[in-house]
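Here is the structure we will look at, set down as structure tokens.
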There are 2 protein chains.
Amino acid sequence: MNPTHNRKKDMTRDQIVKAAIQVFGGKSFLEANISEIAQKAEVAEGTIYQHFKNKEDLLFFIPRERTAAFCEGLELHLQGIQDASNKLAKFAWYYLYFFKENPEYARIAMLELRVNKNFQKTKGYRLFRGWSDTLLDIIKEGQEEGTIRADMDLHIIQELLLGVLEHYVTRWLLKDEKWDLLEFRGHAVDLVLNGIRARDVQGTQGEVARKEKPAEIMSARKKTFKNKQMV
Amino acid sequence: MNPTHNRKKDMTRDQIVKAAIQVFGGKSFLEANISEIAQKAEVAEGTIYQHFKNKEDLLFFIPRERTAAFCEGLELHLQGIQDASNKLAKFAWYYLYFFKENPEYARIAMLELRVNKNFQKTKGYRLFRGWSDTLLDIIKEGQEEGTIRADMDLHIIQELLLGVLEHYVTRWLLKDEKWDLLEFRGHAVDLVLNGIRARDVQGTQGEVARKEKPAEIMSARKKTFKNKQMV
DNA sequence: TCACAAAACTGAACAGTATTCATTTTTAAA
DNA sequence: TTTAAAAATGAATACTGTTCAGTTTTGTGA
């Protein structure tokens, strides 16, 4: 068979992945079982193993499709926004909006993939976190603009933002999506942006947990991050 | 047998829990297996099921012991510190310090329990999150002192702090504890404290994501939180 | 010290589910 | 239409959590 004519196989694979999102999105990895996925996808259990090495491999494949959709939407929503602060606010909004609209995927991403050590080593993970470069660019832009404090490494700020957003989505999921995920967005984002905003510090109240001078901090941290690969 | 004389049973239970911490702390819930725990605890597999309903029940029992240790240490380390900001800084330090010293428990708490929907309904969970009232008290104190911004609900600030801390511990674990967990503490805490610090806002740069007036925000949110039980 | 009943423990048997693989069916080019 | 490769099948297998009938240990009262 000609390698370009592998439509059929792709189609059943898509069916399987679609079914997997439904099943994995509704119960934990452990509780979800292959037979149910096979049934939903209208294939035999054995068929799944022609497309995926095992149950975990199938789980790890899921973000590929959704990440692409996430990135497309993000690009679109960021277009036309001028300064970095507004871009960050928009980013946070879109992030929460996306998971609100994709609750099944949210459960998979936040409650399974995000805390899975094996997933960190997969191709899917790089896509999953690939878009975070966009975030780094925005932060850098803000630092150059002078609207975001430059006395701190990019990655620290990035981790702060992602940490808070992931946390809010996770809490929302664990509480059975009882409230609107976007409800507290303004306040949470306000706190974070307030924290990273540049201002003329006069040492008025800024003595807590800051023993080194700004310049030293930045250069030192950049090196450390590169060596230790925090992100 | 007299119900007060159940020492023997408690001892084997402790052995089992200790072994469970080791095994669950070294691999995922799925990869960990009962036979290994039984072997490490020097009991038969069947014995475990006399103490715990099932594998998950055993996992959920683990935080009981460690939470007590966490709280004791926290109380001790907070003693003698005067203002709320320094208490929060100390809280963050102690939080990270504790998980740095208990990496096995950290893996269980952050990568398994924290994202487990079933765990949220257990007795262990209430202990696990019980100490967070301490955090609420400190934040309230800061708001009354005037050092922490009072135009925002307590719980929003609490979630921000916990979110960031949990996120940093999680990243550290997923990257195989490659760096010192306390290394970036100063910077992360600085960002958060900077964000929640009270200051005389003149509307200089504070227009992002803040469409309502401070007073309205607070009263509205307090109600919402109570109704929807975010925490 | 012994008897004995309750508590605690044991491990082989059981059950449920992920995975394998020999076989059948489908596909598409010749 | 033929045919060989690709794809799909599902019964058999293997692995692991859980059960339970039987054994051992414990503590008490005679």
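In what follows, chains are A, B, ... by sequence order, proteins preceding strands, each numbered from 1. Note that the structure is a prediction, hence the values are computed from the model and not measured.
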Using the side-chain contact (heavy atoms from CB on, under 4.5 Å) rule, pick out the option among Met11(B), Gln50(B), His51(B) that qualifies with Ile16(B).
His51(B)
Euclidean distance, atom [atom1] of residue [X] to atom [atom2] of [N] [Å, nearest integer]:
X: Lys55(A); N: dT19(C); atom1: NZ; atom2: C1'; result: 12 Å
X: Glu56(A); N: dA18(C); atom1: CD; atom2: P; result: 13 Å
X: Met11(B); N: dA7(C); atom1: CE; atom2: C1'; result: 16 Å
X: Glu42(A); N: dT25(C); atom1: CD; atom2: P; result: 20 Å
X: Asp10(A); N: dA7(D); atom1: CG; atom2: C1'; result: 12 Å
X: Phe52(A); N: dA8(D); atom1: CZ; atom2: C1'; result: 15 Å
X: Ile16(B); N: dC9(C); atom1: CD1; atom2: P; result: 7 Å
X: Ile48(B); N: dG11(C); atom1: CD1; atom2: P; result: 13 Å

Over all strands shown, is Ala32(A) touching base, sugar-phosphate only, or nothing at heavy-atom distances under 4.0 angstrom?
sugar-phosphate
With respect to the side chain of [X], which nucleotide from [options] is positioned closest?
X: Val43(A); options: dT9(D), dT18(D), dT19(C); value: dT9(D)
X: Glu45(B); options: dT19(C), dT10(C), dT18(D); value: dT18(D)
X: Ile34(B); options: dT18(D), dC9(C), dA8(D); value: dT18(D)
X: Tyr49(B); options: dG17(D), dA8(D), dT9(D); value: dG17(D)
X: Asn33(B); options: dG17(D), dA18(C), dT18(D); value: dG17(D)

So do Thr67(A) and Tyr105(A) actually touch side chain to side chain, heavy atoms under 4.5 Å?
yes
Short side-chain N/O contact to [N] OP1/OP2 from [X], under 4.0 Å:
X: His51(A); N: dA8(D); answer: yes
X: Ser35(A); N: dT17(C); answer: no
X: Thr12(A); N: dA8(D); answer: yes

Return whichever of Glu31(A) or Gln50(A) has its heavy-atom-nearest nucleotide of DNA chain C closer to the 5' end.
Glu31(A)
List the steps, then state whether side-chain contact (heavy atoms from CB on, under 4.5 Å) holds for Leu174(B) with Phe119(A).
CA-CA 10 Å; Leu174(B) 290 173; Phe119(A) 179 59; over 6 Å; no
Ring centroids only, cut at 6.0 angstrom: are Phe61(A) and Phe52(A) within range, meaning strictly under it?
yes
Sidechain-backbone polar pair: Tyr94(A) side chain, Phe70(A) backbone, donor-acceptor under 3.5 Å:
yes
